[in-house]
Amino acid sequence: MRRSSLDYRAYKSDAVMRREMEIIFRNKWIFAGLACTLKKRNAFFTRVIGGVFIVVTTPDGTTIKAFENACAHRQMPIQTESFGNRGLVCPYHAWSYACEDGRLKGLSNPHLYEMRVHEKDAIGLREFAVQVVGELVFVNLANEPIPFESQFSNEFVEKIRDASSYFDKTYAYSKFRAGYNWKLNFENVMDYNHVPFIHSNSFKKLLKEDPNAQVRYEHPVDVEWDKSNRPPSDVTLSELSFTAVGEINLKPRWYSDLIRRYGTSDAYYNWFIFPNVNFCSVAGEHFLIQQYMPVTPDILEYHLWVMPAERLSLRTNFTALLRGLMISEKQIIDEDSVFMEQLQASLNPTSKKALHGAYEHMVYRFGDWYSTHVLNDEEAGQ
Amino acid sequence: MSHQIIHVVGLAPHVMRAAVILRELHPDRDIQTLELPLLDEFTPDMKPTETLDRATSAVFAACDERALNFTRFGLFFQLKARGFQFVTCISPRASMAPNVKIGQNVFVASGVDIGSGATVEYNSILRGGVRIADGARIGHSVYVGASANIGVECTIGDNSVIGPGVLIGDGVKVGKNCSLMVPGLYTKDVTEKTFYEAGYDGPIRIERY
């Protein structure tokens with residue numbers, strides 16, 4: 001057993017959150033959305049990452065670009081919807097921008113501005129770096145982004161690229177807020193030992209009617225337990241994104257034979273994507289992307305994408321399935337939220353640091369990296 | 001042609017609910033029930049229906065809104081394909097303007113009020129206390145939960161689920177395959193495949209690319 005590197009301030013302090021926004025969310029590669037939603041010219045989606053409003057769009061249905069979603073004129077968001085298909089035209093005063101590079105293309109009533117040519121040429125939207133892995137789009141808000149490979153190993157990138165190639169062309173998306181720190185959620189999804197206690201009923205319904213059927217709660221089969229006493233500063237960024245495969249013994253579902261399955265039917269796949277995404281697949285039949293965006297130290301915004309594996313026949317209709325999956329996933333998240341909100345509320349200056357067992361090695365490695373890179377000496381505490 | 005036997009076919013407890021109303025409506029006819037087992041959560045086993053004879057019996061397909069009404073639609077469609085005639089199941093304690101159009105296999109519970117010129121297409125369910133205002137159009141295989149209120153000239157698209165107590169404002173168009181499960185007043189059109197479910201801050205969007 002060993003103590004976490006993180007004390008209550010990592011979960012409760014405004015100062016720490018400002019620092020993690022700067023060090024992580026405005027500096028590292030952050031998952032932003034699905035490339036498959038950008039197949040038509042001028043298709044876009046908007047996100048708020050590290051407090052910055054961004055718009056991810058495409059000028060031609062192929063190239064993906066990310067810009068700050070703020071008009072150069074009055075900083076009005078240019079796209080006000082979460083998704084859509086619309087050029088970069090500010091709704092406030094109709095300044096328009098090129099989707100290719102964000103430069104100012106034109107403006108209505110130009111005589112009112114008395115803008116000179118060289119002034120116009122210098123105006124444009126701030127552009128951000130984009131990296132596309134299969135269907136997953138990552139953005140980096142830094143002026144000089146770190147190499148993508150330094151955050152994600154090539155092996156990991158290939159795994160998520162391969163998994164995303166199994167997505168069906170229909171997906172569901174929504175979001176909601178929950179009252180706890182985003183890191184508690186990331187720690188919770190990495191801690192599979194809570195499942196039999198918090199989710200016993202919801203998982204029971206999925207299992208085969210065999211008294212021996214169960215979710216296997218042993219350590220994931222392809223992750224080696226790291227019991228070394230490495231100093232926290234030795235933890236590298238790329239090891240914090242990893243694959244874990246558990247065993248699950250599910251009943252066949254009505255759509256089991258209607259899809260091109262990823263992997264095997266007895267596996268529960270998880271790809272933990274630093275810093276705040278759990279990408280997973282139950283039996284390779286459907287995929288789920290959960291992302292927890294910090295809003296305040298006590299509030300996160302939960303983004304949820306669900307998609308079945310690719311249908312074998314175009315005649316198959318997955319609308320009802322997607323609705324059912326979104327409802328059942330929300331129920332499972334709600335089961336977690338009850339406990340996470342109590343845990344968040346209970347953290348206080350006298351709280352001890354969490355005590356982790358061997359199976360939680362990735363939780364404390366995450367804490368080690370965070371304490372080294374995000375907390376300054378004073379806030380790291382002891 | 002009026003068949004002497006009406007088979008109420010489907011899932012418990014909806015079969016019994018419909019049978020009670022049908023016995024009240026047709027005291028001279030033989031109302032029989034046939035509850036189907038489920039092959040999985042959404043698929044009824046149709047084997048027990050193989051003994052039914054379309055020459056001597058009409059049917060009513062009874063099922064809830066599961067799988068966005070697709071289970072009930074599948075049940076209705078399979079019996080229809082075999083040539084069965086369907087009856088409607090309209091409670092004597094529902095009230096309807098004389099010019100209302102009601103399709104086959106529609107279930108209308110006690111206390112429902114349907115206004116002048118409204119249409120309820122086949123295989124839809126209106127639960128207790130629902131109010132459908134004048135000129136509204138309810139598509140096929142729709143489910144309207146108890147005490148919901150559908151405004152004047154509204155359209156509810158096929159397969160949609162309107163939750164209990166939901167209020168749809170006058171003239172609002174709800175697309176096909178929607179679910180509005182968050183109580184409240186909906187005053188804007190809802191595009192198809194949009195789900196308002198409890199716990200989410202906004203609609204769940206279903207997109208196809």
Side-chain angles (χ1 to χ4, degrees), chain A residues 33-40 43 45 61 81-85 135 167-178 205-206 250-257 295 301-308 311 314 316-334 337, chain B residues 11 36-46 63-75 77-78 123 139-143 157-163 174-182 188 190-209:
Chain A
L34 299 177
C36 49
T37 62
L38 303 172
K39 297 294 186 198
K40 291 179 186 163
F45 60 79
E81 300 290 328
S82 300
F83 294 89
N85 202 300
E135 296 296 346
F167 288 178
D168 189 57
K169 290 184 184 303
T170 307
Y171 70 95
Y173 165 81
S174 197
K175 63 184 177 181
F176 54 91
R177 288 189 174 194
K205 283 187 282 185
L206 299 173
L250 294 177
K251 293 176 193 165
R253 287 170 294 176
W254 66 267
Y255 59 99
S256 297
D257 296 329
V295 177
E301 191 165 66
Y302 218 117
H303 296 258
L304 198 58
W305 291 259
V306 171
M307 60 290 285
R311 74 191 74 190
L314 287 175
T316 306
N317 186 333
F318 280 146
T319 306
L321 170 67
L322 285 167
R323 175 184 176 234
L325 290 172
M326 289 295 277
I327 293 170
S328 57
E329 290 300 340
K330 182 67 171 60
Q331 284 169 351
I332 290 172
I333 293 165
D334 285 347
S337 295
Chain B
L11 305 184
L36 302 177
L38 282 166
L39 296 172
D40 59 42
E41 195 180 345
F42 304 111
T43 317
D45 182 356
M46 296 299 285
C63 177
D64 55 21
E65 77 281 20
R66 70 184 62 202
L68 210 59
N69 297 306
F70 278 95
T71 299
R72 195 170 72 258
F73 179 75
L75 179 60
F77 187 78
Q78 289 184 65
N123 201 37
H140 77 73
S141 306
V142 166
Y143 176 93
D158 304 339
N159 292 108
S160 289
V161 178
I162 308 298
V174 176
K176 295 178 183 176
N177 300 310
C178 291
S179 71
L180 310 184
M181 296 302 290
V182 180
K188 292 182 180 170
V190 179
T191 55
E192 66 173 26
K193 297 180 187 173
T194 300
F195 306 144
Y196 286 88
E197 299 290 342
Y200 286 97
D201 288 348
I204 297 171
R205 302 170 69 106
I206 304 283
E207 300 283 342
R208 184 171 168 78
Y209 53 91

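So that the names make sense, note that chain A is the first sequence line, chain B the second, and so on, each numbered from 1.
- Counting heavy atoms from C-beta on, the side chains of B:Ile204 and A:Arg323 never come closer than 4.5 Å.
- In this structure, chain A has heavy atoms under 4.5 Å from both the backbone and the side chain of B:Tyr200.
- Rounded to the nearest 0.5 Å, atoms NZ (A:Lys175) and CZ (B:Arg205) are 10.5 Å apart.
- With a 6.0 Å radius and a threshold of 12 heavy atoms from other residues, nucleotides or ligands, B:Asp201 has its CG atom above the threshold.
- Of all non-hydrogen atoms in A:Ser174 and B:Pro203, the two that sit nearest each other are OG-O, 3.1 Å.
- At a 4.5 Å heavy-atom cutoff, the contact between A:Leu304 and chain B is made by side-chain atoms alone.
- Across every non-hydrogen atom of A:Thr319 and B:Lys193, the tightest pair is OG1-CE, 3.6 Å.
- Taking CG from B:Leu68 and CG from A:Leu322, the interatomic distance works out to 10.5 Å, rounded to the nearest 0.5 Å.
- Counting non-hydrogen atoms of neighbouring residues, nucleotides and ligands closer than 6.0 angstrom, the NZ atom of A:Lys39 exceeds 12 such neighbours.
- Nearest heavy-atom pair, B:Phe70 versus A:Asn317, reported as atom, atom and distance to 0.1 Å: CZ-ND2, 3.7 Å.
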If you look only at distance, which donor and acceptor atoms sit under 3.5 Å apart when one is on a side chain in residues 37-46 of chain B and the other is two or more places apart or in another chain?
unit_1	atom_1	unit_2	atom_2	d
B:Asp40	OD1	B:Phe42	N	2.8
B:Asp40	OD1	B:Thr43	N	3.0
B:Asp40	OD1	B:Thr43	OG1	2.9
B:Asp40	OD2	B:Thr43	OG1	3.2
B:Asp45	OD1	B:Lys47	N	3.0

